[in-house]
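Input: a single structure, listed below in structure tokens.
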Amino acid sequence: MVSDRQELFKKTILKHLYFNKELSCTDLTQLTGRSLPHTTKALNELVKEGLVIESGYAISTGGRRPQMYSVRQDYLYILSVAMDQFMTSICILDMSNNMIGEERVLELDLSAHPDGIPILGQELKKVIAQSGIPKEKFAGIGIGMPGFVDVTKGVNYSFFDTPAKSINEYLEIVTGIPVSIDNDSSLIALAEWKLGEARHRQHALVINIGWGIGLGMVLNGSLFRGENGFAGEFSHIPLFTNNKICSCGKMGCLETETSLSVIAEKAIAGIQAGRTTVMKGLSMDNRIATYHQIMDAAIKGDKYAVELLSEAGYHIGRGIAILIHLFNPKLVILSGRGTKAGRLWLAPVQHALNEHCIPKIAENVEIRTSSLGYAAERLGAAALVMENLDRAQRSKA
């Protein structure tokens, strides 16, 4: 029993080193709440086992410089899966979040494939087999997916026929590796909080600009998911009286004027109506290529492309104004696939805040675009695995 507790504590140390890159023994003592002798003993064991390395000494602040420690990059690997409504990205990451091998991209329209989980399971088996990495070297599989994801039950109520008791259990049986799933926007927020712009923040709102408009919330120093994990359905705030039906079946949701799909549809309609632009050959049959062309055109200053993003950004800002009045955040981060356009989103969002926010509430709110960009969900899926490292039970398959 003591040995089991010690092994669990060592996993906790490894988790902190993963998220912080390097720490001293004193740092780890403070983070874990354990005594210095206990932490020193565990660290020494990890160094002896070759899982942790001594990475040098901290910068001097007077007195003896403390020894710093970091996780060995190839100690464990993470199979990270980032799903959106139309495309699934699968990659292997090491303990420094370096990609091992190439990213595997699977075109998978979730609405058209209720059998998507068995399809994903077979792809995961291929990736594991082709990597040559033993299964015991995987810390786990982290999966971000859109929709109403009940993390506790392992169910996605928006997509998929689940062929077992839960998505987690089914994929663990198929792969023999522990699986954790979560909503894509929650994982993007986790990535920003642990590895990105919201690092060390107690409060932050993370907007996921994608085929929908998601929201992840860091509140009081923890990720807020709500009662069933459904918190953050920002897309479905009823903001418009436009009689447009949303993907949820309701009308006038924020998503109906702001999602990347809507931007693509407007771009195509505008070009057909004779708008002048460098964009050509756009099609909803190949919305990934269409998305890239719109973003690239906007980045290069195409007037019509910039206009499309500005209009959507203004409406996203109207939604953010509601969030600011509700949550009083210090930081709002624009993240996800759409932030390929970077700072182009900031001006229209700020314009909306200027018009719709009470000045006193909004005066200290900082709006940032993510430095993680499209990698945010991939990194969030990895972070989910490492968050569970010291409580995950390895599959017996």
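Taking a 6.0 Å sphere around CE of Met99, one finds it holds more than 12 heavy atoms contributed by other residues, nucleotides or ligands. By the neighbour-count criterion of 12 heavy atoms within 6.0 Å, atom NZ of Lys266 is densely surrounded, having more than that number from other residues, nucleotides or ligands. In this structure, Ile245 places its CD1 atom where only 12 or fewer heavy-atom neighbours from other residues, nucleotides or ligands lie under 6.0 Å away. For Lys244, the NZ atom counts as densely surrounded, since its 6.0 Å shell holds more than 12 non-hydrogen atoms of other residues, nucleotides or ligands. When the shell of 6.0 Å around OH of Tyr157 is examined, it contains more than 12 heavy atoms from other residues, nucleotides or ligands. Heavy-atom contacts from other residues, nucleotides or ligands closer than 6.0 Å to CD of Glu363 number more than 12.
Between Ile207 and the options Leu323, Ile367, Thr369, Val349, a side-chain contact (heavy atoms from CB on, under 4.5 Å) holds for only Leu323.
The ring pair (Phe, Tyr, Trp, His ring centres under 6.0 Å) check on His236 picks up nothing, with sequence neighbours excluded.
Judged by the 6.0 Å distance and 45° axis criteria, Lys137 is not positioned over the aromatic ring of Tyr77.
Residues Ser55 and Glu22 come closest through the heavy atom pair OG-OE1, 2.9 Å. Across all their heavy atoms, Leu76 and Ala139 have their closest contact at CD1-CB, 3.7 Å.
The distance from the NZ atom of Lys15 to the OG1 atom of Thr32 is 11.0 Å, given to the nearest 0.5 Å.
Between the side chains of Ser24 and Gln67, no donor-acceptor pair is found at a separation under 3.5 Å. Looking only at atom types and distance, the side chain of Ser261 has a donor-acceptor partner in the side chain of Arg287 under 3.5 Å away. For the 3.5 Å distance criterion, the side chains of Tyr69 and His16 fail to qualify, holding no donor opposite an acceptor. At a cut-off of 3.5 Å, with distance as the only test, a side-chain donor of His351 or Glu355 sits close to an acceptor on the other residue. Under 3.5 Å, the side chains of Asn168 and Glu172 contain no donor-acceptor pair of N or O atoms.
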Inset, instruction - Go through Asn208 and Ser335 one step at a time and tell me if the side-chain hydrogen bond (donor to acceptor under 3.5 Å, both in side chains) criterion holds. - result: CA-CA 5 Å; Asn208 174 20; Ser335 190; over 6 Å; no
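Checking side-chain atoms of His203 against main-chain N and O of Leu331 turns up no donor-acceptor pair under 3.5 Å.
Between Phe159 and His113, the ring center distance fails the sub-6.0 Å criterion.
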